[in-house]
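Order of the sequence lines sets the chain letters (A, B, ...), proteins ahead of strands, with each chain counted from 1. Model, not experiment: these values are computed from the prediction.
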2 protein chains.
Amino acid sequence: MQDSLRRFKAEIFQALAHPTRIAIVELLRDQGEVPVSSIHEKLALEQANVSQHLAVLRGKHIVVGRKEGNQVFYSLRDRILGKVLDLMRQFFQNHLREALDLLNDMKTEAAPAR
Amino acid sequence: MQDSLRRFKAEIFQALAHPTRIAIVELLRDQGEVPVSSIHEKLALEQANVSQHLAVLRGKHIVVGRKEGNQVFYSLRDRILGKVLDLMRQFFQNHLREALDLLNDMKTEAAPAR
DNA sequence: CGACAATATTCGAAATATCGCATATACTGG
DNA sequence: CCAGTATATGCGATATTTCGAATATTGTCG
């Protein structure tokens, strides 16, 4: 009973649990409505890959696609998810130290200084 | 560069992307500090399973354990994650209709539908 | 219709996650 | 030290995710 609600939440988190999908959601949050081709270009991803990730997000009703002629425009379904990502940024800042360690562990790639 | 931040966020979401771990986080949010035994009992899970999930949450610094004598008391590392879960509840309510459909799909256990 | 552009889907392989069971570690009391 | 309780870890087996390559679908234009 409460359990199915938790399963629901878990599914949403699962859908967000991928860097590419986070990038997509953030892009939509910032740009509003965007055609697949833009996502494809801006994020420099394989076209098929973009479609696959969009399918995941669509499956959980996180985004919607509006067909217009040849292309499909995607947008966030609910402003709330933008807020969730903002909270995550806050969380990140609160735990900057450990976060950096985590990132290091994951494998690093840049930006010294601060 | 933004990418590692997104990987970080994705890791957090991944850690939350499991019904059991959501249950644990919610329990900690509501009860403050709780010994493993309580989690084990209240959620009716295998002891080892609880430990495994706690390990995941610990690994992402979502929870901390404080050792006291024989037992270990866990608590949420940051109130913010409670807020995230609250937002998720809101999200759930906003999309109640589709959410229910989703839950039904997940269930696959009955209801000849209409 | 035929060619082309935009997007979606399918398939198989590699990587990752989850669970139960067995076992290990840490602490307490006698 | 021994027995007992609380928690953690290692190990296979099974399930799920992810990605690229190939292919399918849909719409446009001439």
My understanding is that only residues two or more places apart in sequence, or in another chain, count here; which of them pass salt bridge (charged side-chain N to carboxylate O under 4.0 Å, His left out) with A:R79?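 Here no residue qualifies.
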Which residues share a side chain to side chain contact (heavy atoms under 4.5 Å, CB included) with A:S51, sequence neighbours left out: A:Q47
Got a sec, which residues hit side chain to side chain contact (heavy atoms under 4.5 Å, CB included) with A:V50, two or more places apart in sequence or on another chain? A:V36, A:I39, A:H40, A:L45, A:L54
What is the separation between atom [atom1] on [X] and atom [atom2] on [N], rounded to the nearest whole Å?
| X | N | atom1 | atom2 | value |
| --- | --- | --- | --- | --- |
| B:E11 | D:dT17 | CD | C1' | 15 Å |
| B:I24 | D:dT7 | CD1 | P | 13 Å |
| B:R66 | D:dA8 | CZ | C1' | 18 Å |
| B:Y74 | D:dA8 | OH | C1' | 8 Å |
| B:L54 | D:dT9 | CG | P | 10 Å |

Give me each pair satisfying salt bridge (Lys or Arg N to Asp or Glu O under 4.0 Å) with a member in [range], each pair once, sequence neighbours excluded.
| range | result |
| --- | --- |
| residues 39-57 of chain A | none |
| residues 62-71 of chain B | B:E33-B:R66, B:R66-B:E68 |
| residues 13-28 of chain A | A:E26-B:R6, A:E26-B:K9 |

Determine: side-chain N/O of B:R58 to OP1/OP2 of D:dT9, distance under 4.0 Å, yes or no.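 Yes, B:R58 has a side-chain N/O under 4.0 Å of OP1/OP2 on D:dT9.
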If the condition is ring pair (Phe, Tyr, Trp, His ring centres under 6.0 Å), which residues does B:Y74 pass it with, not counting sequence neighbours? none
So, taking the atom named CZ in B:R7 and the one named CD1 in A:I22, what distance separates them when rounded to the nearest 0.5 Å?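 The CZ atom of B:R7 sits 11.5 Å away from the CD1 atom of A:I22.
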Residue-level proximity of residues 30-41 of chain A to DNA chain C when a heavy atom falls under 4.0 Å: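 A:V36, A:S37, in order of number.
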N/O to N/O distances under 3.5 Å, protein versus nucleotides 19-26 of chain D:
from	atom 1	to	atom 2	distance (Å)
D:dC19	OP1	A:H18	NE2	3.3
D:dC19	OP2	A:N49	OD1	3.3
D:dC19	OP2	A:H53	NE2	2.7
D:dG20	OP2	A:N49	ND2	3.4
D:dG20	O6	A:Q52	NE2	2.7

